[in-house]
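Just below is one structure, and these are the notes that go with it.
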Amino acid sequence: MPSDNELQWMYEQMVTARYYEERLQEEYLEGKQPAFDISAGPIPGELHLAAGHEASGAGVCAHLRDDDSVTAPHRPHHIAIAKGVDLKRMTAEIFGRETGLGKGKGGHMHLFDPDVEFACSGIIAQGVPPAVGAALAAKKRNTDSVAVAFLGEGAIDQGAFLESLNFASVQNLPVVFVVEDNDWAISMPKERITDVRDGSRRADGFDLHGARVDHDDAVDVYEAAEEAVGRARDGNGPTLLEVQVHRRMGHFMGDAEGYRSEDDVERHQARDSIERLAEVLRKHGVDDDERDEIRGRAESRVDDAIAWAKQQPEPEPADAYDDVFANPPGEGSGGESPTAAATDGGDE
Ligand SMILES: Cc1ncc(C[n+]2csc(CCOP(=O)(O)OP(=O)(O)O)c2C)c(N)n1
Ligand SMILES: [Mg+2]
């Protein structure tokens, strides 16, 4: 059972993530209507929200230190927040600003914060082999840091994931694979992806530990992750942990969800892990005022981060290729530099 401090910490991460995404939603929709123009407004591009996944990020990251590595998928905010990613620079990145974590070039699916060893990617299961690499590095350096790879249940047939399970098992690496099962991969229901309802059973095929948490209860996730992260830290090898979460919203902002029945939406919205944790806090003597104080602190932090990010400068177009190519176009590779294109009138 988490301590009272840990319960409050998890609650704070979860309400921060939920409120952060509510605020991002408002910003995102600005300028996108009436015909949904994905490139318009202060947050251009796609936006995948994780409302209903918060218990998984908080329950797992409660056991991690700054030097533990985390890789996350395209729905990363709740995990990034719980891992301690710099909220201001993360927000600036999402708004495409110069002072963002990736100088505004990555957007919300490509957040990298080396200070807390966090990375995410829009490519499904992409983060799994790098997490295994980080675990191998930790083992070779004789440190006790661990690596955690988060992925969606829609990614569990990726070859890279299955190869990673095998390599981690055979090398006894300090890594935890966390599958967030929200029943959907865009419009594809889980039963059309796999006949294995309990994804953690795949661990058996590689002789590693497997566990499943059947509902997005932060305390249950905390306890399952305590065992998995502890096993990794103690040198006792990898774990595949599946967590049932709920996708309270569409796959991405603007998803009309024509493929999804009303019942399914209601079912996913009925289970709110934040409300469940509030109930646990109540039972542990944390009264309404104290919970309001936590929420208030979380909301001010988010509001400050968004206000700060919106004041940050846009990147210079001439810097578009910096940090992107090893041999930038126009510097000996035969291509044309963006600066030259801009002065020539370009070839758009
Ligand atoms: C290699 C790869 N193939 C396809 C896609 C397109 N794609 C984006 S999200 C997604 C579904 C992901 O489902 P899941 O892993 O369950 O995560 P969820 O969105 O449910 O959190 C797909 C197929 C991609 N990004 N990368
Ligand atoms: Mg999914």
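In listed order, ligands and their atoms are each counted from 1.
Between Val128 and Gln158, the closest side-chain pair of non-hydrogen atoms is not below 4.5 Å. Counting only heavy atoms from C-beta outward, the side chains of Ser145 and Arg65 approach each other to under 4.5 Å. By the 4.5 Å heavy-atom criterion applied to side chains, Ile81 and Met90 are counted as neighbours.
In terms of polar-atom proximity, Ala185 is not counted as a contact of ligand 1, lacking any N or O under 3.5 Å from an N or O of the ligand. Residue Asn182 has at least one nitrogen or oxygen atom sitting less than 3.5 Å from a nitrogen or oxygen atom of ligand 1, judged on distance alone.
Taking backbone and side-chain atoms together, Arg247 has no N/O/S atom less than 2.8 Å away from the Mg ion (ligand 2).
Here His251 has side-chain heavy atoms under 4.0 Å from ligand 1, and that is the only part of it that gets that close. Counting heavy atoms under 4.0 Å from ligand 1, residue Arg75 touches it through the side chain alone.
For atom 1 (C) of ligand 1, the nearest protein heavy atom (residue, atom name, distance) is Gln158 NE2, 3.4 Å. Of all protein heavy atoms, the one closest to atom 25 (N) of ligand 1 is Gly122 O, 2.8 Å. Looking only at heavy atoms of the protein, atom 16 (O) of ligand 1 is closest to Gly154 N, 2.8 Å.
The residue among Arg247, Glu180, His74 with a heavy atom at the shortest distance from atom 18 (P) of ligand 1 is His74. Evaluated by nearest non-hydrogen atom to atom 26 (N) of ligand 1, the leading choice among Ile124, Asp181, Ile156, Val245 is Ile124. Relative to atom 7 (N) of ligand 1, the option among Ile193, Asp157, Ile186 with the closest non-hydrogen atom is Ile186.
Here the options are His78, Arg75, Gln244, His246, the test is side-chain hydrogen bond (donor to acceptor under 3.5 Å, both in side chains), and the partner is Glu180; only His78 passes. Partner Asp183 forms a salt bridge (Lys or Arg N to Asp or Glu O under 4.0 Å) with one of Arg248, Arg260, Arg192, Arg267 and no other, that one being Arg267.
Using a cut-off of 4.0 Å between Lys/Arg side-chain N and Asp/Glu carboxylate O, Arg202 and Asp157 are scored as salt-bridged. A salt bridge links Lys310 with Glu27; the closest basic N to acidic carboxylate O contact falls under 4.0 Å. The pair Glu257-Arg247 meets the salt-bridge criterion, since a charged nitrogen lies less than 4.0 angstrom from a carboxylate oxygen.
Interface of Glu153 with ligand 1, defined as ligand atoms under 4.0 Å from a residue heavy atom, comprises 16 (O). The atoms of ligand 1 that sit less than 4.0 Å from any heavy atom of Trp184 are 16 (O), 20 (O). Less than 4.0 angstrom separates some heavy atom of Ala155 from each of these atoms of ligand 1: 15 (O).
Other members of the cluster containing Leu7 are Met1, Trp9, Met10, Tyr11, Met14, Val15, Val219, Tyr222, Ile274, Leu277, Val280, Leu281, Val286, Ile294, with ILVMFWY side chains joined at under 4.5 Å, either directly or via other members.
Residue Arg295 holds its CZ atom at 14.0 Å from CD of Glu290, rounded to the nearest 0.5 Å.
When distances from the Mg ion (ligand 2) to the N, O or S atoms of Glu153 are compared, OE1 comes out shortest.
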